[in-house]
Amino acid sequence: MQKNYLNCMSLDLSEQEIFRRKSLEELQNLGINPYPADLFEVNVKTTDILTNFPNDNSLYQEVTIAGRIMSRRIMGAASFVELQDSVGKIQLYIKRDDICEGEDTTFYNTVFKKLMDIGDIIGVKGFVFITQMGEISIHVKELKLLSKSLKPLPIVKEKDGILYDAFSDPEQRYRQRYLDLIVNPQYKDTFIKRTILVNTMRNYLNEKGYLEVETPILQPLYGGAAARPFKTHHNSLGMTLYMRIANELYLKRLIVGGFDGVYEFSKDFRNEGMDRFHNPEFTQMELYVAYKDYDWMMDLVEEMVENIALNLHGTTKVQVGENEIDFKRPWKRFTMFEAIQHYTGIDISAMNEEQLVEVAKKVGVEVDPSMGKGKLIDEIFGETCEPKLIQPTFITDYPVEMSPLAKKHRSKEGLVERFEAVCNGKEICNSFSELNDPIDQRQRFESQLELGKRGDEESMVLDEDFLRALEFGMPPTAGLGIGIDRLAMIMTNSNSIQDVLFFPQMRPEKKVVANDDEFIALGIPIEWINLIKKAGITNAAALKDANPNKLFNDLNGLRKKNKLDIPALNLEDLKKWMS
RNA sequence: GAUUAUGUAGCUCAGCUGGUAGAGCACAUCCCUUUUAAGGAUGGGGUCCUGGGUUCGAAUCCCAGCAUGAUCACCA
């Protein structure tokens, strides 16, 4: 059945879109299905041809390849088309008499030249050769339309590595990532690298015999990190659920249950600000290994991340912005107090809360009463040290107050066995010797509750079931959380987290105010509703207030301007709608 | 959340001190008929983000809003 692609919705379409819909209809009239169902078997990729053909010109004499038309140069009876597939681009040479049967030139002159466009997806058969200009090309013998494109692509041109008219508006790139990937295929590499990164990590952990597991994203109590959660509601249980901010407490329950090593790549959700380092949902890999401690875990992190760098770049050195970062083992190790002393000259290791407030003010940290001793130390560190740590560095031995899930240091009073790896001025992972003393854990939760009462919105809540699990006994365990997005940013030299997420969170696009129902209720035919909206009237009340004579002129004017095949409006009908 | 910049054709961008809206690419028609960011000629295409205000007159000036970026705050 013939579909009407050119209905009154075309009022919202640009001229180019209308042309393409007309082409679509004409294709159908010529018996060509613009969206065929049958498979199109491809036997080669563009890059294979470009790599291998120069070495052996006898190759690729019968290729079948498919992709998207990215540009066209039509020279009468011969044309050149740039075809883009998943891995690259190649030029097609299309000659009228090769793709047409006998004297009938319709397929070339009409179908190819007039009815196909940049953006259409086609499949071709032919042989590879080199043009007079020296470009490896496919001489096309058969051409088939596989999918008609109805929207014009942004045209990005490139010569000698310089992009002309690059499609670069971040808003459009992130909102319409598909479009970004089509016209800026260089960004595909970032996402491919991200996947290699994850695969490398997964393989590494699997080879060590750790078990990849899944734990709940919807949690009745959120825990395992200091952050504000997203809140949701379960209807049939009639209860509040939170989206997880971390999966730590669940994975440790599994260690209690007797697994030696468990890990999870987990999407976590934190209801906090957004900027180039933070997206509301992000990915962490958390790993827990029984009978290990944080020293052991540092070695693992070094080895794993060095592996990733080697796998992605073939070297441990990675260029990130202006810095060359070297992930070669061993990394520098500082205790937190050493780092602060190193960068400020101040030894805060023995200070009380009042003294710490003084130091915090001195180095430019804003202090508020909800801050405990641990928070103060962390803020001082964040202000004075973190941005200066460019090469991968382990910071160890954190104050107990800010690490309620970490085991007390085996020899240093007031500290816990915890480390973070900092790289390019940002934390990339966090790890401790996990606290497995249930009595101590209960006290830590209770002091978190105290912080909550002081106004710290990120303080942790007490999880009775987790405590019950610890009371059954958890082996000494080393735990790790590593930020996949942050690591991907570093490994792909991306300046923003949005560049390593296919679909970063965005505010909703402004939607067109449409009150079709109101108009329909007034008995107005759909084709006129679109014109009324076009005339700037968006609801029934506005229609009532409009001047009937002016609107009458406007509407029939729009009908004429858009060459609509509907009967002219008469004033009586319009007045009926408006009454 | 604060400060600031930006928002004009499908895309990339001009548009001065307020006076009928511009270019390149893309698109259409014709000519050419092995080109390469690009052949030539002609032409069509705009809610100048939205809503107010000032003004005889606003893309332009003012206010508010929306979206996006940057910086800061928040984010162990």
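Only this structure's heavy atoms are used, side chains among them; waters, hydrogens and symmetry mates stay out. Sequence lines set the chain letters: A, B, ... in the order given, protein chains first and strands last, and positions in each chain run from 1.
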Output yes when Arg173(A) and Asp169(A) qualify as a salt bridge under the 4.0 Å nitrogen-oxygen rule, no when they do not. no
Using a 4.0 Å heavy-atom cut-off to protein, can you give one letter per nucleotide of nucleotides 37-42 of chain B, 5' to 3': B if the base is in contact, S if only the sugar-phosphate is, - if neither? BS----
Which is true for Phe167(A) with a 4.0 Å heavy-atom rule: it touches a base, it touches only sugar-phosphate, or it touches nothing? sugar-phosphate
Phosphate-side-chain proximity, Gln498(A) and G69(B), N/O vs OP1/OP2 below 4.0 Å: yes
Nearest-Å distance for atom pair NZ/C1', residues Lys95(A) and U34(B): 9 Å
Rounding to an integer number of angstrom, what distance separates C25(B) and G43(B) when you compare their P atoms? 15 Å
Between Met274(A) (CE) and G69(B) (P), how many Å, whole number? 7 Å
Nearest-Å distance, CZ (Arg20(A)) to C1' (G45(B))? 15 Å
At under 4.0 Å between heavy atoms, what does Asp275(A) touch on the DNA or RNA strands: base, sugar-phosphate, or nothing? base
Less than 6.0 angstrom from the centroid, inside 45 degrees of the normal: does Lys426(A) satisfy that with respect to the ring of Phe277(A)? yes
Reckon Gln172(A) has a side-chain N or O less than 4.0 Å from the OP1 or OP2 of C11(B)? yes
Minimum-distance nucleotide to Glu15(A) side chain [options: G69(B), G44(B), U36(B)]: G44(B)
Please determine, for A41(B), whether a Watson-Crick or G-U wobble partner exists with both distances under 3.5 Å, and give it or none. U29(B)
Has Arg418(A) got its NZ or CZ under 6.0 Å from the middle of the six-membered ring of Phe432(A), at an angle within 45 degrees of the ring axis? no
For U3(B), what is the paired nucleotide under Watson-Crick or G-U wobble rules, both distances under 3.5 Å? A70(B)
Is Glu264(A) salt-bridged to Arg244(A), cutoff N-O under 4.0 Å? yes
Just checking Ala78(A): base, sugar-phosphate only, or nothing, at a heavy-atom cut-off of under 4.0 Å? nothing
Under 4.0 angstrom, heavy atoms only, what part of the nucleic acid is Tyr398(A) near: base, sugar-phosphate, or nothing? nothing
Are the aromatic ring centres of Phe230(A) and Tyr242(A) under 6.0 angstrom apart? no
Which part of the nucleic acid, if any, lies within contact of Lys89(A), taking any heavy atom under 4.0 Å across all strands shown: a base, the sugar-phosphate backbone alone, or nothing? nothing
Considering non-hydrogen atoms only, spot the tightest contact between Phe419(A) and Tyr294(A) and give its length. CE2-O, 3.3 Å
When all nucleic acid strands are considered with a 4.0 Å heavy-atom cut-off, which category describes Arg276(A): base, sugar-phosphate, or nothing? sugar-phosphate
Asp120(A) to Lys148(A) - nearest heavy-atom pair and separation: OD2-NZ, 2.8 Å
Taken to the nearest whole Å, CZ/Arg175(A) to P/U68(B) is 5 Å
Is Glu272(A) touching bases, backbone alone, or none of the nucleic acid, heavy atoms closer than 4.0 Å? sugar-phosphate
Assign Glu420(A) to base, sugar-phosphate, or nothing according to its heavy-atom contacts below 4.0 angstrom with the strands shown. sugar-phosphate
Reckon Arg270(A) has a side-chain N or O less than 4.0 Å from the OP1 or OP2 of C74(B)? no
N/O (side chain, Arg228(A)) to phosphate O (OP1/OP2, C74(B)) under 4.0 Å: no
Between Arg21(A) and Glu25(A), is there a side-chain N and carboxylate O pair less than 4.0 Å apart? no
